[in-house]
*Asks:* 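I'd like to ask some things about the structure below.
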Amino acid sequence: MTARQAAYQVVLRVFEEDAYADRVLRSAAKDLDGRDRALAQRLAFGTVQRARTLDHAIDKLGKRPVRKLDPPVRAALRLGAYQLGYTDVPPHAAVNETVELVRSARLERAVPFTNAVMRRLSEGIAPLLAALPEDDPHAAALKHSYPDWVAELWWEELGPEEALALMRAQNEPPERVVRLNRRKAGHVEGRPDPDLPDALHVERVEEDALHAGLIWPQSRGSQLAGVVVGSRPGERTLDLCAAPGGKATQLEGDVVAVELHPGRARELEENCRLLGADNVTVVNADATKLPPELTGFDRVLVDAPCSGLGVLAARPDLRWRSRPLPELQAELLRAAAERVKPGGTIVYSVCTLNTEENEAIVDASGLAIEPLGEEWPQFRHPRRPEFLLTQPQLHGTAGFFIARLRT
């Protein structure tokens, strides 16, 4: 398995089997060395992100609709077009490798067509991409490869300039940041973050440090949500949507971490063991239907499922499957209010940039808001300073909305 073959498997399975890009990559690239694994990820994730724009180029220059191509040919051409349009891979290498991918799929009859399309792309894709406009949401969605609804949402909420900056930012590789696990002693190379006590900027995630439980890959936006909870020794904290455990294992005191899906609950338990978080008890349950004895908590964290519009850089396939979940978020916040003791605090956080899932959920809850903007001015929400909002185009991290509420 080469890096391009691994990337090809990711592209093929994401679009033909609705698979998750990170999971396919983990399997396909498991035997590659670090350098080739990084190349496979860059090619696969970039191709998945840019699929809409790549399909437009293939349609225009290939003279046959992408939707009518055999799936292996479609995946290979997308991967080849990405290399020609967005990387410095030599054109002849991109053409030859794409042809070989189709040949290895035993589609010899499609080899001449693939070769012809790739040669036309090698000559025409750069000027085609450069000429795409971005002066309205639909044009910008095509140029930067987003669903129309996402572009329209950001255009309306942020304005054209910020919307375009956000689109560009989330087509770039995400920050390389880990959280230092203070429960275990060990040295990890990196640059400490000025804003968050355990965040470390690294050149690459050290596999040995990860397997030893010294670090946890976690964006600064995500770490900020865990810090805002403010849990202390002697307190009881409920984490309602805990897997895979990045925030749950940040928390001090006695922590009950709830996860609905059995497989993810097992993964959460394994991660807690790895990080030495023996203060965390995992409960496999529906957060909206918890046993009655799970009540009277000092703090509750509701890191709710959402459309994920703040983490599209790290999750390349998410933009094609994303949808807002306001009803579920409101229900989870109501469940949190029932489980926290009088005067306790609830942190509501979501990794999205969408008013419907962010401030609108908090406003509708009727809970008292504890202002956060003065405590964290660098992450103050631009329109609602009582909340925090990390923004990829401004802060270089995942987009997170964070509110702290009191019953």
*Asks:* With heavy-atom distances below 4.5 Å as the criterion, would you say the side chains of W320 and S145 are in contact?
*Replies:* yes
*Asks:* So how far is it from Q378 CD to L224 CG, rounded to the nearest 0.5 Å?
*Replies:* 8.0 Å
*Asks:* Would the distance check show the side chain of S219 and the main-chain N or O of T397 forming a donor-acceptor pair, the cut-off being under 3.5 Å?
*Replies:* no
*Asks:* Considering only heavy atoms from C-beta outward, does the side chain of V229 approach that of K247 to under 4.5 Å?
*Replies:* no
*Asks:* Once rounded to the nearest 0.5 Å, what's the spacing between atom CG of L25 and atom CD of Q9?
*Replies:* 11.5 Å
*Asks:* Between Q218 and S222, do the side chains contain a donor N or O and an acceptor N or O under 3.5 Å apart?
*Replies:*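 Q218 and S222 do have a side-chain donor-acceptor pair below 3.5 Å.
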*Asks:* Quick one: do R52 and D148 make a salt bridge, cutoff under 4.0 Å?
*Replies:* yes
*Asks:* Can you find a pair of side-chain heavy atoms, one from L61 and one from V117, that are under 4.5 Å apart?
*Replies:* no
*Asks:* For the pair R339 (side chain) and F297 (backbone), establish whether a donor and an acceptor sit closer than 3.5 Å, ignoring hydrogens and angles.
*Replies:* no
*Asks:* Sort out for me which residue in R232, K341, R406 forms a salt bridge (charged side-chain N to carboxylate O under 4.0 Å, His left out) with D298.
*Replies:*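 The salt bridge (charged side-chain N to carboxylate O under 4.0 Å, His left out) with D298 is passed solely by K341 among R232, K341, R406.
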*Asks:* On a heavy-atom basis, which atom in A277 and which in T249 lie closest, and how many Å separate them?
*Replies:*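 In terms of heavy atoms, the two residues are closest at CB-CG2, 3.7 Å.
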*Asks:* Check whether more than 12 heavy atoms from other residues, nucleotides or ligands sit under 6.0 Å from atom CZ of R321, and answer yes or no.
*Replies:* yes
*Asks:* Can you see which heavy atom on K143 is nearest to which on Y86, and at what distance?
*Replies:*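 Closest pair (atom of K143, atom of Y86, distance): O-OH, 4.3 Å.
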*Asks:* Less than 4.5 Å apart, any side-chain heavy atom of L200 and any of P192?
*Replies:*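 Heavy-atom side-chain distance check passes, below 4.5 Å.
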*Asks:* How far does CD1 of I58 sit from CG of L128, to the nearest 0.5 angstrom?
*Replies:*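 CG of L128 is found 11.0 Å from CD1 of I58.
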*Asks:* At their closest point, which heavy atom of A105 faces which heavy atom of P72, and how far apart are they?
*Replies:* CB-CB, 3.9 Å
*Asks:* Look at atom NZ of K184 and say whether more than 12 heavy atoms of other residues, nucleotides or ligands are closer to it than 6.0 Å.
*Replies:* yes
*Asks:* Apply side chain to side chain donor-acceptor pair (under 3.5 Å) to Q393 and E162, showing your working.
*Replies:* CA-CA 8 Å; Q393 78 280 17; E162 282 299 307; 2.9 Å; yes
*Asks:* Begin from the C-alpha positions of L405 and L333 and carry the test side-chain contact (heavy atoms from CB on, under 4.5 Å) through to its verdict.
*Replies:* CA-CA 10 Å; L405 312 169; L333 199 48; 4.1 Å; yes
*Asks:* Report, as yes or no, whether the 6.0 Å neighbourhood of atom CD on E203 holds more than 12 heavy atoms from other residues, nucleotides or ligands.
*Replies:*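 Open.
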*Asks:* Run the side chain to side chain donor-acceptor pair (under 3.5 Å) test on R4 and Q83 for me, step by step, so that the C-alpha distance in whole Å, both residues' side-chain angles and the decisive distance to 0.1 Å come before the verdict.
*Replies:* CA-CA 10 Å; R4 282 185 178 82; Q83 293 172 75; 2.8 Å; yes
*Asks:* If you measure from OG on S365 to OH on Y348, what distance do you get to the nearest 0.5 Å?
*Replies:* 9.5 Å
*Asks:* Do R383 and E359 come within less than 4.5 Å of each other through their side chains, counting heavy atoms only?
*Replies:*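 In contact.
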*Asks:* Could you tell me which non-hydrogen atom of M1 sits nearest to which non-hydrogen atom of L32, and how far apart they are?
*Replies:* O-CD2, 3.0 Å
*Asks:* Distance check, rounded to the nearest 0.5 Å: T288 atom OG1 versus L240 atom CG?
*Replies:* 9.5 Å
*Asks:* Between R183 and D278, is there a salt bridge with N-O shorter than 4.0 Å?
*Replies:*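 Between R183 and D278 there is no salt bridge, as every charged N stays at least 4.0 Å from the carboxylate O atoms.
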*Asks:* Can you tell whether the side chains of E331 and R334 come within less than 4.0 Å, N to carboxylate O?
*Replies:*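 Looking at R334 together with E331, the answer is no, because their closest N to O distance does not fall below 4.0 Å.
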*Asks:* Please determine, by modelled atom types, if E259 and H261 share a side-chain donor-acceptor pair under 3.5 angstrom.
*Replies:*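 Distance-only check fails for E259 and H261.
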*Asks:* Donor-acceptor pair, distance only, cut-off 3.5 Å: does the side chain of D239 make one with the backbone of V302?
*Replies:*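 Between the backbone of V302 and the side chain of D239 there is no qualifying donor-acceptor contact (under 3.5 Å).
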*Asks:* Grab the two heavy atoms, one from A257 and one from V280, that are nearest each other, plus how far apart they are.
*Replies:* CB-CG1, 3.7 Å
*Asks:* Under 3.5 Å, side chain of D59 to main-chain N/O of V66, donor-acceptor pair present?
*Replies:*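 Judged by distance alone, yes, a pair lies under 3.5 Å.
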*Asks:* Are more than 12 heavy atoms from other residues, nucleotides or ligands located less than 6.0 Å from atom CD of E252?
*Replies:* yes
*Asks:* Decide if atom CZ of R236 counts as having more than 12 heavy atoms of other residues, nucleotides or ligands within a radius under 6.0 Å.
*Replies:*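 Count over threshold, so yes.
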*Asks:* Taking D55 for the side chain and R67 for the main chain, is one N or O donor matched with an acceptor at less than 3.5 Å?
*Replies:*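 Side chain of D55 to backbone of R67: no pair is present.
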*Asks:* I'd like to know whether CD of E17 has more than 12 heavy-atom contacts from other residues, nucleotides or ligands below 6.0 angstrom.
*Replies:* yes
*Asks:* Okay, side chain of T352, backbone of G310: is any donor-acceptor separation there less than 3.5 Å?
*Replies:* no
*Asks:* Does E357 reach the side chain of F401, with side-chain heavy atoms less than 4.5 Å apart?
*Replies:* no
*Asks:* Are the side chains of W149 and P324 in contact, using a 4.5 Å heavy-atom criterion?
*Replies:* yes
*Asks:* For T53 and H144, run side-chain contact (heavy atoms from CB on, under 4.5 Å): C-alpha distance rounded to whole Å, both residues' side-chain angles, the deciding distance at 0.1 Å, then the answer.
*Replies:* CA-CA 7 Å; T53 317; H144 298 290; over 6 Å; no
*Asks:* R42 and T87: side chain to side chain donor-acceptor pair (under 3.5 Å), yes or no, with the steps?
*Replies:* CA-CA 10 Å; R42 181 165 68 96; T87 77; 5.0 Å; no
*Asks:* What is the minimum heavy-atom distance between L389 and N358, and which atoms define it?
*Replies:* CD1-ND2, 4.2 Å
*Asks:* Begin from the C-alpha positions of R119 and N115 and carry the test side-chain contact (heavy atoms from CB on, under 4.5 Å) through to its verdict.
*Replies:* CA-CA 6 Å; R119 293 194 180 281; N115 185 59; 3.4 Å; yes
*Asks:* Taking the six-membered ring of F15, is the NZ or CZ of R74 close enough (under 6.0 Å from the centre) and on axis enough (within 45°)?
*Replies:* no
*Asks:* Between D136 (side chain) and A139 (backbone), is there a donor-acceptor pair under 3.5 Å?
*Replies:* yes
*Asks:* Could you walk me through whether L180 and I215 satisfy the side-chain contact (heavy atoms from CB on, under 4.5 Å) test, starting with their C-alpha distance in whole Å, then the side-chain angles of each, then the deciding distance to 0.1 Å, before giving a yes or no?
*Replies:* CA-CA 5 Å; L180 289 173; I215 57 173; 4.1 Å; yes
*Asks:* Once ring-ring contact (aromatic ring centres under 6.0 Å, His included) is applied, do any residues pair with Y20, and if so which ones, sequence neighbours excluded?
*Replies:* none
*Asks:* Is the backbone N or O of L101 less than 3.5 Å from a side-chain atom of S104, with the two atoms forming a donor-acceptor pair by type?
*Replies:* yes
*Asks:* Would you say the side-chain atoms of S322 pair up with the backbone N or O of S307, donor to acceptor, closer than 3.5 Å?
*Replies:* yes
*Asks:* In Å and rounded to the nearest 0.5 Å, what is the CZ to CZ distance from R319 to R50?
*Replies:* 8.0 Å
*Asks:* Are the side chains of E370 and T345 in touch, meaning some heavy atoms are under 4.5 Å apart?
*Replies:* yes
